[in-house]
Protein chains: 2
Amino acid sequence: MTKRVTLKHIANELHISIMTVSRALNGSPSVDKTTREKVISTARILGYFPNHIAKSLVKRKTHTIGVVVPEITYSFFPEAIRGIEEVVYKAGYNIMLTHSAEDSRREIAAIETLASKRVDGILVSVAESDTDFQIFQQVMQLGLQVVFFDRCVFKIGASCVSIDDENSALMVTQHLINHRYKKIAHLRGPLSVSISRYRLNGFKKSLKKNNIPFRENYIVESGFHESGGYNAMMQLINLPARERPRAIVAVNDPAAFGAMKAILEAGLRIPEDIAIVGFSDDIRVELMPTPLRHSCGCNKS
Amino acid sequence: MTKRVTLKHIANELHISIMTVSRALNGSPSVDKTTREKVISTARILGYFPNHIAKSLVKRKTHTIGVVVPEITYSFFPEAIRGIEEVVYKAGYNIMLTHSAEDSRREIAAIETLASKRVDGILVSVAESDTDFQIFQQVMQLGLQVVFFDRCVFKIGASCVSIDDENSALMVTQHLINHRYKKIAHLRGPLSVSISRYRLNGFKKSLKKNNIPFRENYIVESGFHESGGYNAMMQLINLPARERPRAIVAVNDPAAFGAMKAILEAGLRIPEDIAIVGFSDDIRVELMPTPLRHSCGCNKS
DNA sequence: TTGTAGGCGTTATCAC
DNA sequence: GTGATAACGCCTACAA
């Protein structure tokens, strides 16, 4: 059905060697001008497309970067992926995109596949449920570059790109305190993920710094998604009216959105009854009726 | 620096042939049970990862699908990509994701790269500015499967997956008419893209069907983005108060969002002063203060 | 400037 | 069951 045109075909057509064709097409200086022109024109006529697979095999380089995210549509990942694509594109690379669906087994499978497909490097934001990180060390020993972003794994010698979560959380909380809020609750992410821990720490530190008593029941796990934020917020709303927090620091924007939904559904107003701040510049933020406020201009790209 | 483990290494280690190793690892039935176990265990010990590049070269199949979108973060594409990833993952494939940034030259380059990297098929949603489609025919002649989605190119024999744009637009408009709106404007997309034309047609047909006079100045080009929607809406708002439309059919949700911004900034209310409907179930929709209404449950996945 | 030999890591095919 | 050999399409290295 399909006749794949190869260097050989062009070579035969022109009665020259494969190497000359290869050189001509790759812009090698040591090739006769006339020959080069002939080669290029017949390549075009025959509809030649270079076979990067063959090239990759011999060069041991695929010019492809693997990307592993927990959920493609989730939070700021579309923008991150977009940013990554832009950068690698300019460098002459492509991205192979996989998502783990927050499932660590699937994440491992994705990384193994990427390793097998011989990507030149892997960018990964780890799944919530991760506990075993030996797969990363394994592929790193293969010479594969691994760089974490947003959700990092430390202590295995890979780089990490993320904002200063602890400090950001501290500043976000401080922001609320500066606005005279005292009853501040925190919707936290799963503690297995580093950003959750850092943000929780920042939150706690800020309270301490301002001598605001820490209340255990003001820390509610929300996970990273809207439904979790919603449920967590419901818990807080169901506290006796006097106990209810007046402000919320959500671990990220999706959780904040879920919480807002719960607040509005309960007939409460934002921020008059309960104020709320999120994280990570979700694209939806600018369209919200009540803008989420951010502590800093930190950019996560 | 890196010692790539190959079948050869395993074979040498065990003093057997490469083929036996290959067969053992691929679960061929015709291999001795003991040998297989030995092979598998030393493969594990040596840290062997199969080289899909080599495999692809001989099998002429990469198990990779190329995806080309105009903008990764734009409108419903994150969800579409997510859906695509889910499907191909289950089929044992991966996706190579590229974006054209609405630039047809970049789109062509992306497709050439994907063809060179020998993806097994390409899913593409074309850029706004596209005029020349010969690249698609070119790669199709190479035996590469091309399937368009959302923004299709017709008449070149490739499949297209999208909603019935004309009918949807017709129904959306009818919906407004049923609510007694008569002064209805349309923010249209670039006419080079098929969905823009279909939606415009649907809009016109609906007016005609209901004997509502068509006004040229009620059709404003907005493009597909928020900024365009904003500018287009400003034009309409700046009409003399009596001329102003009371309802808007936007070509897609981002344009609708931009328009809403313009409306609100002008101190008008939605939908009391101006009603607005979008398209394509943008993820932000459910969070909007004034929900965008949809004509049908059409799903674009 | 151009050509030849060999190999990248794997599988198809045919022998044993 | 297992092995040798020849591809797959290209490039490196060396020779002419």
Side-chain angles (χ1 to χ4, degrees), chain A residues 2-40 43 46-64 113 115-120 142-144, chain B residues 1-40 42-43 46-64 113 115-120 142-144:
Chain A
T2 317
K3 46 167 185 177
R4 295 282 192 197
V5 182
T6 71
L7 293 184
K8 197 173 184 178
H9 296 157
I10 300 176
N12 289 344
E13 189 79 14
L14 263 39
H15 303 290
I16 57 180
S17 81
I18 294 179
M19 270 319 296
T20 306
V21 178
S22 172
R23 281 192 272 254
L25 257 21
N26 286 306
S28 159
S30 64
V31 71
D32 187 75
K33 204 175 175 182
T34 326
T35 349
R36 161 172 289 121
E37 282 165 4
K38 271 192 216 159
V39 169
I40 290 177
L46 263 43
Y48 172 77
F49 270 77
N51 187 329
H52 267 284
I53 295 295
K55 185 178 271 190
S56 293
L57 185 58
V58 43
K59 292 263 196 141
R60 287 140 175 251
K61 200 158 197 314
T62 53
H63 285 269
T64 301
T113 304
S116 275
K117 292 202 171 172
R118 292 297 190 263
V119 295
D120 297 332
L142 249 80
L144 229 179
Chain B
M1 49 174 285
T2 316
K3 48 168 186 177
R4 295 283 192 194
V5 182
T6 71
L7 293 183
K8 198 173 184 178
H9 296 157
I10 301 176
N12 288 344
E13 188 78 13
L14 262 40
H15 303 289
I16 58 179
S17 80
I18 294 180
M19 271 318 295
T20 305
V21 178
S22 172
R23 280 192 272 252
L25 257 21
N26 286 303
S28 158
S30 65
V31 69
D32 188 75
K33 205 176 175 181
T34 326
T35 345
R36 159 170 291 122
E37 283 164 4
K38 272 192 215 156
V39 169
I40 291 177
T42 72
L46 264 43
Y48 171 77
F49 270 77
N51 186 328
H52 267 284
I53 296 294
K55 185 180 269 190
S56 294
L57 184 58
V58 43
K59 292 263 195 143
R60 288 142 174 252
K61 200 160 198 312
T62 53
H63 285 270
T64 301
T113 304
S116 276
K117 292 203 172 171
R118 292 298 190 263
V119 295
D120 297 332
L142 249 79
L144 229 179

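Just so you know, these numbers use all the heavy atoms, side chains as well, and skip hydrogens, waters and symmetry mates. In what follows, chains carry the letters A, B, and so on, assigned in the order in which the sequence lines appear, proteins first and then strands, with residues in each chain numbered from 1.
Put simply, A:Arg60 has a side-chain N or O that comes within less than 4.0 Å of OP1 or OP2 on C:dG9.
Among residues two or more places apart in sequence or in another chain, the side chain to side chain contact (heavy atoms under 4.5 Å, CB included) test is passed with A:Asp32 by A:Thr34, A:Thr35. Under the rule for a side chain to side chain donor-acceptor pair (under 3.5 Å), A:Thr113 has no partner lying at least two apart in sequence or in another chain. Every residue two or more places apart in sequence or in another chain that forms a side chain to side chain donor-acceptor pair (under 3.5 Å) with A:Thr64 is listed here: B:Lys117. Evaluation of the salt bridge (charged side-chain N to carboxylate O under 4.0 Å, His left out) rule for B:Lys61 yields B:Asp120 as partners, not counting sequence neighbours. Here B:Leu25 pairs with B:Leu7, B:Ile10, B:Val21, B:Val39, B:Ile40, B:Ala43, B:Tyr48 under the side chain to side chain contact (heavy atoms under 4.5 Å, CB included) rule; sequence neighbours left out. By the side chain to side chain donor-acceptor pair (under 3.5 Å) test, A:Ser17 is found to be paired with A:Thr20, residues two or more places apart in sequence or in another chain being considered. Residues meeting the side chain to side chain contact (heavy atoms under 4.5 Å, CB included) test with A:Asn12, sequence neighbours left out: A:Lys8. By the side chain to side chain contact (heavy atoms under 4.5 Å, CB included) test, B:Arg118 pairs with A:Arg4, A:Phe49, A:Asn51, A:Ile53, B:Thr62, sequence neighbours left out. The ring pair (Phe, Tyr, Trp, His ring centres under 6.0 Å) search around A:His52 returns none, not counting sequence neighbours.
Annotation for A:Gly47 and B:Leu142: closest pair O-CD1, 3.9 Å, computed over non-hydrogen atoms.
At a threshold of 4.0 angstrom between heavy atoms, the contacts of A:Thr20 are confined to the sugar-phosphate backbone, with no base atom among them. At a threshold of 4.0 angstrom between heavy atoms, the contacts of B:Ile16 are confined to the sugar-phosphate backbone, with no base atom among them. Here B:Ser56 lies out of heavy-atom contact (under 4.0 Å) with every strand.
Atom NE2 of B:His9 and atom CD of B:Glu13 lie 10.0 Å apart (nearest 0.5 Å).
Put simply, chain A comes within 4.0 Å of DNA chain D, heavy atom to any atom, from D:dG9 to D:dT12, going 5' to 3'.
One axis for each end of the helix from C:dT1-D:dA16 to C:dC16-D:dG1, each built from five base pairs, and the angle between them comes to 40° at 10° resolution.
Atom pair A:Lys61:NZ and C:dG9:P shows a separation of 16 Å (rounding to whole Å applied). Rounded to whole angstrom, the span from the CG atom of A:Leu57 across to the P atom of C:dG6 amounts to 18 Å.
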Produce the list of close N/O pairs, under 3.5 Å, pairing protein atoms with atoms of nucleotides 10-12 of chain C; give distances to one decimal.
unit_1	atom_1	unit_2	atom_2	d
C:dT10	OP1	B:Tyr48	OH	2.5
C:dT10	OP1	B:Asn51	N	3.2
C:dT10	OP2	B:Leu7	N	2.7
C:dT11	OP1	B:Asn26	ND2	3.1
C:dT11	OP2	B:Ser22	OG	2.4
C:dT11	OP2	B:Asn26	ND2	3.4

